[in-house]
Amino acid sequence: MNNVMDTRLVEIYSDAVRDDRIQLVADILRSGGLAVIPTETVYGLAANAYDSDAVAAIFAAKGRPQDNPLIVHIADMDMLGDIVSEVPDSARRLAEAYWPGPLTMIMRRGDKIPASVSAGLDTVAVRMPSNPIARQIIRHCGCPLAAPSANLSGSPSPTTAEYAIADMMGRVDCIVMSDDCEIGVESTVVLLADGQARLLRPGGITLEQLEAVIGPVAVDSAVLSSQLTGRVSSPGMKYKHYAPKTKVIMVDGDCEQYAGYVCRSAQPAAAVCFEEDVPLLGQLPHVAYGRQGDDRSQAHGIFTALRRADQLGAEVIYAHAPSRSGVGLAVYNRLLRAAAFEVVTL
Ligand code: AMP
Ligand code: MG
C-alpha cells in the first residue's frame with residue numbers, strides 16, 4: 001500500500017503564519033505531491049486539481065472508492081471560470097453571500113478539470129474556504145486544489161492536526177500542523193446544475209441560510225436516509241461513514257430517557273452525549289460532544305468525540321441524537337452514517 005512515504009510535518013498556526021512554510025507546501029503541491037492542509041470545516045487531503053496523477057494519489061492515500069468525487073478548492077472568484085463551464089445565477093448569489101465559507105456548490109464541469117476529480121460525472125463540486133492558511137496555500141500554488149477530508153475512507157473526519165497525522169502519516173508528502181477546525185463538520189453540498197437547487201449534504205451553512213438567498217431548496221433523500229434504493233445524487237452519502245471502530249447506535253430522546261437507556265445497556269457501553277447528560281450517567285464512560293441546544297458546539301465536537309470514544313474500551317457507543325435544525329441537521333446526518341443508520345427512538 002501507499003503508507004511508506006516520508007511525511008514532512010510543517011507547523012503553520014494562524015497566529016504565526018510563515019510565508020516560507022506556505023511556499024514550501026505550495027511547492028510540494030505544484031510538483032504533484034499530496035499535502036494535508038487545515039480548513040475551517042475539517043483537515044483536507046489536497047492535490048493539484050489539474051494533475052490527474054496527483055488526483056489518483058488522493059484516492060490511493062485515503063482508500064477512497066473511485067466513484068466518490070472530490071471537492072475543488074479555490075482562493076478567489078477568478079479561479080472559478082477555469083473549473084466550471086457555466087456559473088448559474090443562483091451560484092453567483094450564494095457565492096456572494098457565503099464564500100469564502102463552508103459551502104460547496106456543484107456546477108457543470110469545465111474542460112480543464114480531469115474527469116477523475118468528479119469520479120466521471122459531468123459536474124464538479126467547488127468551494128472557497130475561509131481558512132486564511134488554506135487560501136494562502138492555494139494562492140501560492142496558482143491552481144485549484146482537489147481535497148477530500150484527510151481521514152482514511154470511512155473514518156471520522158479529522159478536525160485536529162493530531163488526528164490528521166494519525167490517519168495520514170506515511171501516506172502523504174506533508175501535513176500542515178495547525179489549529180483545530182473551527183466548524184468541525186464538512187461543508188454543505190448543494191447541487192446547482194440544470195436549474196436545480198438540491199441539498200446533497202448538510203454542513204456549516206444551513207438549509208435556512210441557502211433558502212434566504214435563493215428560495216426553496218430540495219433536500220435530497222440521502223440526507224436523512226440510507227437511500228438504498230433509487231438514484232444516488234451524491235455518491236459519498238451512500239456509504240457507512242465517519243465511523244469509529246466501535247459499533248455506534250444513535251439514541252433519540254430527552255436527557256432522562258437517553259441516560260436511562262444507556263445505563264441499562266447489557267453490553268459494556270460508552271456515551272457520546274451532551275454536557276447536560278453527564279450528571280445523569282453515573283460511572284458510565286462518556287465523551288460530551290457539545291451542549292444540548294447549541295448546534296454549533298455539537299458540530300465542533302462531534303468527530304473528536306467519536307474518535308475519543310473509541311479509546312474507552314466499550315463494545316457499543318450510544319450517541320445522543322441532536323435536534324435536526326440549523327447545523328444540527330449536519331451533525332444528525334454524520335451520526336446516522338457513523339451508526340450505519342441504526343437509530344433507537346425513545
Ligand atoms: P469529502 O471530500 O470527503 O468532503 O466528500 C465530498 C462530498 O461531495 C461527497 O459526499 C461527494 O459525494 C460530494 N460530491 C462531490 N462532487 C460531487 C458531484 N459532482 N456530484 C455530487 N456529489 C458530489
Ligand atoms: Mg470525507
Side-chain angles (χ1 to χ4, degrees), residues 34 36-47 49 55 58-59 61-74 83-86 88 91 102-110 113-127 129 131 134 144-159 163-164 167-168 181 183-194 196-205 218-223 226-227 230-243 299 302-303 306-307 330 333-334 336-338:
L34 296 182
V36 171
I37 63 168
T39 83
E40 71 278 18
T41 57
V42 303
Y43 275 78
L45 167 53
V55 168
I58 291 180
F59 285 89
K62 275 186 66 100
R64 184 171 174 103
Q66 297 291 333
D67 69 347
N68 193 0
L70 309 177
I71 295 171
V72 175
H73 293 69
I74 59 176
I83 296 167
V84 303
S85 59
E86 187 193 342
L103 175 64
T104 295
M105 296 193 263
I106 297 176
M107 297 173 244
R108 296 249 142 246
R109 179 163 54 88
I113 295 290
S116 56
V117 167
S118 295
L121 298 170
D122 54 13
T123 51
V124 63
V126 193
R127 175 166 109 81
N131 181 301
L145 298 179
S149 50
N151 50 292
L152 292 173
S153 190
S155 297
S157 301
T159 53
Y163 291 137
D167 277 18
M168 287 299 145
C181 301
I183 293 172
V185 291
E186 304 84 348
S187 57
T188 301
V189 178
V190 62
L191 174 65
L192 297 170
D194 306 325
Q196 302 180 69
R198 175 178 294 274
L199 179 71
L200 301 185
R201 178 176 75 181
I205 298 293
V219 177
D220 198 87
S221 58
V223 168
S226 58
Q227 209 196 35
R231 207 176 65 88
V232 175
S233 334
S234 186
M237 286 282 106
K238 76 184 181 193
Y239 306 107
K240 176 181 175 189
H241 207 133
Y242 314 115
I302 189 58
F303 283 133
L306 287 173
R307 287 200 183 229
N333 167 277
R334 303 311 188 273
L336 196 57
R337 280 162 178 78

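If you read the sequence from its start, that first residue is 1, and numbering goes on from there. Note that ligands are numbered from 1 as they come in the structure, with each ligand's atoms numbered from 1 the same way. Worth saying up front: this structure is predicted, and the values here are computed from it rather than measured.
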Would you check if the Mg ion (ligand 2) lies under 2.8 Å from any N, O or S atom of S149?
->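 Within the cut-off used here (under 2.8 Å), S149 does place an N, O or S atom near the Mg ion (ligand 2).
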Taking all atoms of both residues into account, what is the closest heavy-atom pair of V72 and V117, and its distance?
->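 Heavy-atom minimum between the residues: CG2-CG1, 3.6 Å.
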In terms of atom number and element, which parts of ligand 1 are under 4.0 angstrom from non-hydrogen atoms of [X]?
X	result
L121	18 (C), 19 (N), 20 (N)
N68	9 (C), 11 (C), 12 (O)
L200	21 (C), 22 (N)
I106	17 (C), 18 (C), 19 (N), 20 (N), 21 (C), 22 (N), 23 (C)
A125	15 (C), 16 (N)

Examine the proximity of ligand 1 to [X] and report which part, side chain or backbone, both or neither, has a heavy atom under 4.0 Å away.
X	value
T104	neither
T123	both
R201	side chain

Inter-residue atom distance K62.NZ - S149.OG, 0.5 Å rounding |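 Between K62 NZ and S149 OG, I get 3.5 Å after rounding to 0.5 Å.
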E40 and R127 ion-paired at < 4.0 Å |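 Yes, E40 and R127 are salt-bridged.
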Within-shell test, S118 vs ligand 1, heavy atom, strictly < 4.0 Å |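 Outside the 4.0 Å threshold, so no.
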Strictly under 4.0 Å, does any heavy atom of R64 approach an atom of ligand 1?
->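 Under 4.0 Å: yes for R64.
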Tell me whether [X] contacts the main-chain N or O of [Y] through its side chain, where contact means a donor paired with an acceptor under 3.5 Å.
X	Y	result
R109	L121	yes
D194	Q196	no
T41	E186	no

Would you check whether K62 has a nitrogen or oxygen atom less than 3.5 angstrom from a nitrogen or oxygen atom of ligand 1?
->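 It does not: no N or O of K62 is found under 3.5 Å from an N or O of ligand 1.
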For E186 and ligand 1, does the shortest N/O to N/O distance drop below 3.5 Å?
->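 Between E186 and ligand 1 (N or O atoms, distance only) the closest approach is not under 3.5 Å.
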Could you go step by step and tell me if S187 and R201 meet the side-chain hydrogen bond (donor to acceptor under 3.5 Å, both in side chains) rule?
-> CA-CA 8 Å; S187 57; R201 178 176 75 181; 3.2 Å; yes
Side chain to side chain contact (heavy atoms under 4.5 Å, CB included) evaluation trace for T123 with M107 | CA-CA 5 Å; T123 51; M107 297 173 244; over 6 Å; no
Residue pair I205, V190: steps toward the side chain to side chain contact (heavy atoms under 4.5 Å, CB included) verdict | CA-CA 10 Å; I205 298 293; V190 62; over 6 Å; no
